[in-house]
2 protein chains.
Amino acid sequence: MGCRSPRAADPLASWNEGPAKQAVVRFVSRVTQAGGPDYVAPAERIATFDNDGTLWSEKPVYFQLLFAIDRVKALAPKHPEWQEQQPFKACLEGDMKTVLSGGEQALLELVMATHAGITTEQFERVVTEWLATAKHPRLKRRYVELVYQPMLELLDYLRQNGFKTYIVSGGGIEFMRPFTERVYGIPPEQVIGSSIKVKHEVRNGTPVLVRLPEIDFIDDKAGKPVGIHKFIGRRPVFAAGNSDGDFQMLEWTTTGEGPRFGLIVHHTDSRREWAYDKESPVGKLDRALDEAPGRGWLVVDMKRDWKTIYPAAKRR
Amino acid sequence: MGCRSPRAADPLASWNEGPAKQAVVRFVSRVTQAGGPDYVAPAERIATFDNDGTLWSEKPVYFQLLFAIDRVKALAPKHPEWQEQQPFKACLEGDMKTVLSGGEQALLELVMATHAGITTEQFERVVTEWLATAKHPRLKRRYVELVYQPMLELLDYLRQNGFKTYIVSGGGIEFMRPFTERVYGIPPEQVIGSSIKVKHEVRNGTPVLVRLPEIDFIDDKAGKPVGIHKFIGRRPVFAAGNSDGDFQMLEWTTTGEGPRFGLIVHHTDSRREWAYDKESPVGKLDRALDEAPGRGWLVVDMKRDWKTIYPAAKRR
């Protein structure tokens, strides 16, 4: 008040001019225009984002799986039986094809063996250390540097317009929380994800929470609206995803009353990132892509709509 | 900036001057003093509050049980078998003693019969209507008027000092969310409670979430630190409760590093509210009261420390 603010820089500077950027800006203008027909009160401005493939890359496989494989290697000395037992043997041999051929059962076994049996604080430290040191096999950058610059700008832009931004991911909630605040500006209490059960124990007078090898909640597909309801208790007005795992979240969001926005990141850029959709085992985008036009969901064409993919590397 | 703010009114006006009020004010001053040794960054200022007996009354029994009994009466025409089947028969006859004699099993049956089988939106409407119309059997006020004025002030005071206030209650999360924002200033996404499972369904092209007669999570006793970890992912620095059901939340909060505050509302006022502790079946306060001095938890003596109990009645 009292002093004029300078003309703001473009908050979506990494988005090319065009229909995608225009649609986002037009929606935000509509719902924030006080007194307008599509005004949404700030308390109701809930925006939910998938993580893998929507906020950061997910190739060659979900980064959390690469974390699990590194954990298998680190824990292997205590588990001589893994030398002969799948999917652990394949992890130790770097044989990703065999790891993936085991399907969901193999992934579940990997998660239980590598994500449980320690306290929540110990797990947080393990994840934090891995994120600080491990590098992507092909791109040779740390994983937290493989986030999408245009999506970081979109998160900021929505928050500047009174939105509360959430992650709603099939990934592990405790795998994401150690970095989401620093990297995305999303605090741990706004992260929703899959989880294993934890148990409260008092050890020598000190309470701890111990991670158990038992699924608590799978925040994927039809689980996403369930997770949103459980954690937020309001229906979002904005949702962004990139795969059929996000279909129900996008549907739940955009079938509510009043103005709604659904956004799909379409991976079309084999040169700067990856190009995949209907046939991809990781991040399969089929039904959601087919139904997007009829449902009014914006399909962002990564190659066409994004000026840059990743943030400029930080010199440290 | 630029204009001097007037001297603020006492934010805790309904608290009598004395050690309890002083302890709260001193703690908040310490953790908000920038550069001070006990400074806590705003993002870490998480405060968790039990609901029943801490933010509103819980006598003669938890208000949610009175809601369930009213639901049994409303649904009885569709359930002729309830005329002869406990605990439903006792509900219909207004025989609270028999209802309670059935213990947890009877309460569970009541919840499943009255809280499930409808969509989340339908349940929200039922709760909202009940809260708008039903009155407390003895005090003849609506339940949302039986909240504690000093605790409303404490919630506001903490928020004014950068705290994020949460409810962490054994009560049903979906029973609380319809009123917490309006009554306590706590939005639905900051309410943690017990829950039943919900199932995503698409009915005639429209997604709904259907409430199932199956326990999802019990947010009581050792469940409170688990719920806090699950929903917030940070350890609170301030926690308030009134019964042994809050013991683990208070312990979890106050055994963290740095400045911490634990508060117990002790029901000592049989004239203005109720007086109960060690022997009370509802809101039993025994171990937490015994251990409070040794653990440095503040015991608020309702009769001594609070000028008023309930907000002044609104004329409408």
Side-chain angles (χ1 to χ4, degrees), chain A residues 1-3 42-44 46 119-121 124 164 166 173-174 176-178 180-181 187-193 195 197-202 205-212 216-217 221-235 247-256 295, chain B residues 1-3 42-44 46 119-121 124 164 166 173-174 176-178 180-181 187-193 195 197-202 205-212 216-217 221-235 247-256 295:
Chain A
M1 301 263 286
C3 69
E44 298 292 338
I46 302 289
T119 71
T120 53
E121 294 185 349
E124 185 182 340
K164 207 162 175 175
Y166 281 83
I173 188 167
E174 296 310 318
M176 296 183 284
R177 280 174 163 167
T180 57
E181 187 154 37
E189 62 267 28
Q190 287 162 226
V191 177
I192 303 170
S195 54
K197 293 196 174 173
V198 307
K199 183 167 165 266
H200 174 268
E201 270 180 28
V202 179
T206 302
V208 292
L209 299 174
V210 182
R211 294 170 58 81
L212 304 179
D216 178 41
F217 178 61
K221 302 188 176 75
K224 291 205 174 190
V226 171
I228 287 169
H229 177 72
K230 182 198 294 248
F231 280 75
I232 311 179
R234 311 191 204 245
R235 199 189 287 228
F247 184 91
Q248 287 86 353
M249 172 170 76
L250 288 162
E251 180 188 50
W252 177 245
T253 299
T254 57
T255 53
R295 292 177 177 269
Chain B
M1 299 268 284
C3 70
E44 297 292 337
I46 302 288
T119 70
T120 53
E121 292 185 349
E124 185 181 341
K164 207 162 176 176
Y166 281 83
I173 189 167
E174 296 309 316
M176 297 183 284
R177 281 175 163 166
T180 56
E181 186 153 37
E189 62 267 29
Q190 285 161 230
V191 177
I192 303 169
S195 55
K197 293 197 173 172
V198 308
K199 183 168 165 269
H200 175 268
E201 272 180 25
V202 179
T206 304
V208 293
L209 298 174
V210 183
R211 294 169 58 80
L212 304 179
D216 177 43
F217 179 62
K221 300 187 177 75
K224 291 203 175 192
V226 172
I228 287 168
H229 177 72
K230 182 198 295 250
F231 280 75
I232 311 179
R234 311 190 202 248
R235 201 189 285 227
F247 185 90
Q248 287 84 353
M249 173 170 74
L250 289 162
E251 182 188 51
W252 177 245
T253 299
T254 59
T255 52
R295 290 177 178 270

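The sequence lines fix the lettering, A, B, ..., with proteins before strands; numbering per chain opens at 1.
Residue A/Thr255 touches chain B through its side chain alone, counting heavy-atom pairs closer than 4.5 Å. In this structure, chain B has no heavy atom under 4.5 Å from any part of A/Glu201. For a residue to count as touching a neighbouring chain, one of its non-hydrogen atoms must lie under 4.5 Å from one of that chain's; by this rule B/Gln190 touches chain A with the side chain only. Using a 4.5 Å cut-off between heavy atoms, B/Glu181 touches chain A through its side chain atoms alone. With a threshold of 4.5 angstrom between heavy atoms, A/Glu44 does not approach chain B through any atom at all.
Highest contact tally toward chain B, considering only A/Glu124, A/His229, A/Lys224, is held by A/His229 [criterion: heavy-atom pairs under 4.5 Å].
Inter-residue side-chain proximity for A/Lys230 and B/Phe217 is flagged as unmet; no heavy-atom pair is nearer than 4.5 Å. Proximity of B/Lys164 to A/Glu189: side-chain heavy atoms (C-beta onward) are separated by under 4.5 Å at one or more points.
The shortest heavy-atom contact between B/Gly233 and A/Pro188 is O-CB, 4.2 Å.
The distance from atom CD1 of B/Ile232 to atom CZ of A/Arg177, rounded to the nearest 0.5 Å, is 9.0 Å.
Counting only residues at least two apart or on different chains, the salt bridge (Lys or Arg N to Asp or Glu O under 4.0 Å) pairs with a member in residues 247-256 of chain A are A/Glu251-A/Arg295.
Checked options B/Val198, B/Thr120, B/Leu209, B/Val208; the residue passing with A/Pro225 is B/Leu209 (criterion: side-chain contact (heavy atoms from CB on, under 4.5 Å)).
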